[in-house]
Amino acid sequence: KDDKELAERRINMKTKQTLRMIGSALLCTAVSTSFFPVYAQQDNPTEKTETVFTLLNPDGSIENTNVSSWIHDEDGIENISEELNLEDVENSKTNEAPEKNGNVYTWNVDGNDVYYQGTSHQPLPVSIQIQYFMDGKEYSQKELEGKDGHLKMVFTFENTQTETQNIGGKSIVVHPSYLLGGLLDLKTGVYTNVKCDQGKIINDGTNEMLAFVNIPGLRETLESAGLSKINDQLNITDQVIVEADVKDFHLGSIMMGMTSDFDLDSQLGNISSLSDLSDGINELVNAQNELVEGSQSLYEGTSEKKKKSQPLTS
């Protein structure tokens, strides 16, 4: 129990926004840390970390979304209020319920922490569409189950957050940047001859995974800035295309992670020319490459955790 609580605390204290997708399409969004301005007069501002888990249908559409939050205050959780666009909000650690006035929730609990969860109906900042093709013909995931042939899976990511800014006298469409990475389970005996320009195959000696990356919305930003040449040179796209020969097809587990640490919108205040914008892309591309390389460690850690949890699940 102590190990589990320690692990949960470590996960919740991460400041990066995250999303992960498990099962045929389980997508988890956003882990972010923020400080409430209303408590700025305190020596220790109130800190909140939020994790959004979204279960997707196999085509990428949203089935349901659950939000798990943690509020921490060194001065104690006393009369801390926040406006939430959630339903069925409940304390997930203790029996102390919040006071509710419309969409405003006020927390009073013993200690310095409160953990709660609720249901959201808000869209994700990046929408996902998943398409399946077998030998050139499009099928639903359900129709493909058990089939043999040449498979093409197309993941299309749309950054729905946008605004237009003036840079160097030119109007440019700007998307807050989300660096997205994913792992697709390549079932042993099902997938062969796997190809993906946006990813690489990793393995733990027994199982294989395909790690892929994407920066949704970056292509449109560069095109509006007249920098399409960079798109072509770096193969920047809003899609991840996976091709493979499959036998008795079965869609394996998928995990995704997404961070908004690289926020072009907030960085543009320091960019005065298209040259600066072009130079700034290198940081994103380097981080993209590091994400693919780091996915090997993520997969190995996930596999080890799964192995150690077997006695508990049994």
Side-chain angles (χ1 to χ4, degrees), residues 16 18-28 56 58-60 126 128-136 138-139 141 144-157 178-216 218-219 231-259 262 284-309:
K16 291 182 178 180
T18 299
L19 78 96
R20 68 183 177 184
M21 189 158 101
I22 300 176
S24 59
L26 173 62
L27 179 66
C28 227
L56 299 183
D59 63 357
V126 175
I128 295 179
Q129 180 186 29
I130 307 174
Q131 295 172 283
Y132 308 84
F133 300 85
M134 183 73 80
D135 298 326
E138 185 171 4
Y139 294 88
Q141 176 267 336
L144 273 185
E145 289 293 314
K147 289 186 178 293
D148 303 340
H150 184 76
L151 172 73
K152 181 168 79 169
M153 292 180 60
V154 180
F155 296 79
T156 302
F157 307 102
Y178 291 93
L179 181 61
L180 182 151
L183 293 172
L184 169 63
D185 184 9
L186 302 176
K187 290 287 186 181
T188 303
V190 175
Y191 297 85
T192 56
N193 302 320
V194 181
K195 296 181 180 179
C196 178
D197 291 340
Q198 299 83 18
K200 61 179 289 189
I201 294 177
I202 61 177
N203 64 76
D204 63 358
T206 303
N207 304 300
E208 284 191 335
M209 302 282 287
L210 176 71
F212 58 84
V213 293
N214 196 267
I215 307 174
L218 179 59
R219 183 177 183 86
N231 283 331
D232 298 334
Q233 290 175 340
L234 300 179
N235 193 26
I236 296 174
T237 174
D238 289 328
Q239 291 186 325
V240 170
I241 300 176
V242 182
E243 294 194 57
D245 295 322
V246 297
K247 182 178 180 180
D248 190 18
F249 172 75
H250 175 68
L251 182 63
S253 299
I254 301 173
M255 295 185 292
M256 290 187 185
M258 184 171 68
T259 176
F262 301 93
L284 284 169
V285 174
N286 290 336
Q288 176 177 324
N289 294 333
E290 289 174 5
L291 183 60
V292 176
E293 296 299 327
S295 60
Q296 175 75 56
S297 298
L298 170 63
Y299 177 52
E300 291 174 352
T302 302
S303 299
E304 181 69 15
K305 179 181 178 182
K306 182 178 180 181
K307 180 180 179 181
K308 289 184 177 181
S309 68

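Quick note: residue numbers are just sequence positions, from 1. What's counted below: heavy atoms across the whole structure, side chains too, no hydrogens, waters or symmetry copies.
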Can you check whether Tyr191 reaches Leu151 side chain to side chain, under 4.5 Å on heavy atoms? yes
Check Ile201, Val240, Ile202, Asp185 against Leu210 for a side chain to side chain contact (heavy atoms under 4.5 Å, CB included) and give me the one that passes. Ile201
Are Glu145 and His250 packed together at the side-chain level, in the sense that at least one heavy-atom pair is separated by less than 4.5 angstrom? yes
CD/Gln129 to CZ/Phe155 distance, rounded to the nearest 0.5 angstrom? 11.5 Å
Distance, nearest 0.5 Å, that separates CD of Gln239 from CZ of Arg219: 10.0 Å
May I have the step-by-step check of side-chain contact (heavy atoms from CB on, under 4.5 Å) for Lys187 and Leu251, ending in yes or no? CA-CA 8 Å; Lys187 290 287 186 181; Leu251 182 63; over 6 Å; no
Within the distance-only criterion (no hydrogens, no angle test), does the side chain of Asp248 pair as donor or acceptor with the backbone N or O of Val190 below 3.5 angstrom? no
Nearest-0.5 Å distance, CG of residue Asp197 to CD of residue Glu243: 8.5 Å
Atom CD1 in Ile236, atom CD in Gln198: separation rounded to 0.5 Å? 11.5 Å
Compare all side-chain heavy atoms of Val242 with those of Val194 and state whether any distance is below 4.5 angstrom. yes
Pi-cation contact, Phe249 with Lys147 (under 6.0 Å, within 45°): no
Give, for atom CZ of Phe157 and atom CG of Asp238, the distance between the pair rounded to the nearest 0.5 Å. 9.0 Å
Starting at CG of Asp245, measure out to CG of Asp148 and round the result to the nearest 0.5 Å. 10.5 Å
Would you sort out whether Asp135 and His150 count as a side-chain hydrogen bond (donor to acceptor under 3.5 Å, both in side chains), showing the intermediate values? CA-CA 5 Å; Asp135 298 326; His150 184 76; over 6 Å; no
